[in-house]
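In what follows, every chain begins at residue 1, and chains take the letters A, B, ... in the order their sequences are listed. From a predicted model like this one, the values you see are computed outputs, not experimental measurements.
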Amino acid sequence: MAKRYWLFKSEPTTYSVDDLAKEPDQTDYWDGVRNYQARNMLRDDIKKGDEVLFYHSRTKVPGIVGICSVARSGYPDTAAFDPDSKYFDPKSSPDNPRWYMVDVKLKKKLPEIISLTDLKAMPGLENMAVTRKGSRLSIQPVTQEEWKVIMTRSKGMK
DNA sequence: GCCAACGTTGGC
DNA sequence: GCCAACGTTGGC
């Protein structure tokens with residue numbers, strides 16, 4: 001399977017790119033996704049070696065803040081089994097897990113954010129879910145063309 | 001903080 | 001299986 005590209009959203013008050021940067025080996029699990037469409041991608045499609053845009057949502061300036069790679073393909077989200085976790089789901093069990101997560105490794109924190117406003121203005125990104133109104137999907141596929149456009153933009157930074 | 005858009009739940 | 005009610009998301 002060829003390498004694929006994704007965009008992961010997180011609220012920085014919950015988990016930010018700086019939190020990931022502090023982790024050993026800058027690697028952490030991406031838990032708490034509780035949406036079936038996103039779950040299916042985590043379980044079936046997102047593989048080790050794929051690349052990920054780290055996106056901050058629900059903040060003053062939303063946008064892409066980092067580039068990550070997938071360090072581990074989809075496996076059951078253990079937070080769903082933990083009654084003390086805010087992601088606890090009694091309907092998920094180790095025998096029959098409902099939710100999945102992957103591990104991500106931060107490759108590069110961008111020197112500056114590529115804001116949503118920027119993304120909307122960049123040619124070639126018109127079809128990205130994140131630039132479309134009302135898109136709440138927290139895990140989104142990114143095409144190779146879109147990825148290239150964003151990489152070109154990030155390389156222009158100093 | 002507001003509120004429109006969205007996804008999920010549950011009664012019927 | 002429909003759909004109203006509800007809770008959540010996320011830009012502004």
Let me know the distance between CD1 of I113(A) and P of dG11(C), rounded to the nearest Å.
-> 10 Å
Assign the ring pair W30(A) / Y15(A) to parallel, tilted or perpendicular, where the plane angle (0 to 90°) is split at 30° and 60°.
-> perpendicular
Give the rounded distance in Å between these two atoms: CD of Q37(A) and P of dG7(B).
-> 7 Å
Hey, is D18(A) close enough to K109(A) for a salt bridge, meaning N to O under 4.0 Å?
-> yes
Remember a base hit wins even if backbone is also touched, and classify K120(A) as base, sugar-phosphate or nothing at under 4.0 Å, heavy atoms.
-> sugar-phosphate
Atom CG of N35(A) and atom C1' of dG10(C) are separated, to the nearest Å, by 14 Å
Mapping R58(A) and R34(A) onto DNA chain B by nearest heavy atom, which one lands closer to the 5' end?
-> R58(A)
Inspect the contact between R34(A) and D77(A) and indicate whether a charged nitrogen and a carboxylate oxygen are less than 4.0 angstrom apart.
-> yes
Considering residues at least two apart in sequence or located in another chain, which fulfil the side-chain hydrogen bond (donor to acceptor under 3.5 Å, both in side chains) criterion with D82(A)?
-> none
If each of R98(A) and G134(A) is mapped to the nucleotide of DNA chain B with the nearest heavy atom, which maps nearer the 5' terminus, i.e. the 5' end?
-> G134(A)
Using only side-chain N and O atoms of Y55(A), determine if any of them is under 4.0 Å from OP1 or OP2 of dT9(C).
-> no
Any K9(A) side-chain nitrogen or oxygen under 4.0 Å from OP1 or OP2 of dG10(C) = yes
Could you state the atom-to-atom distance from OH of Y87(A) to P of dT8(C) in whole Å?
-> 13 Å
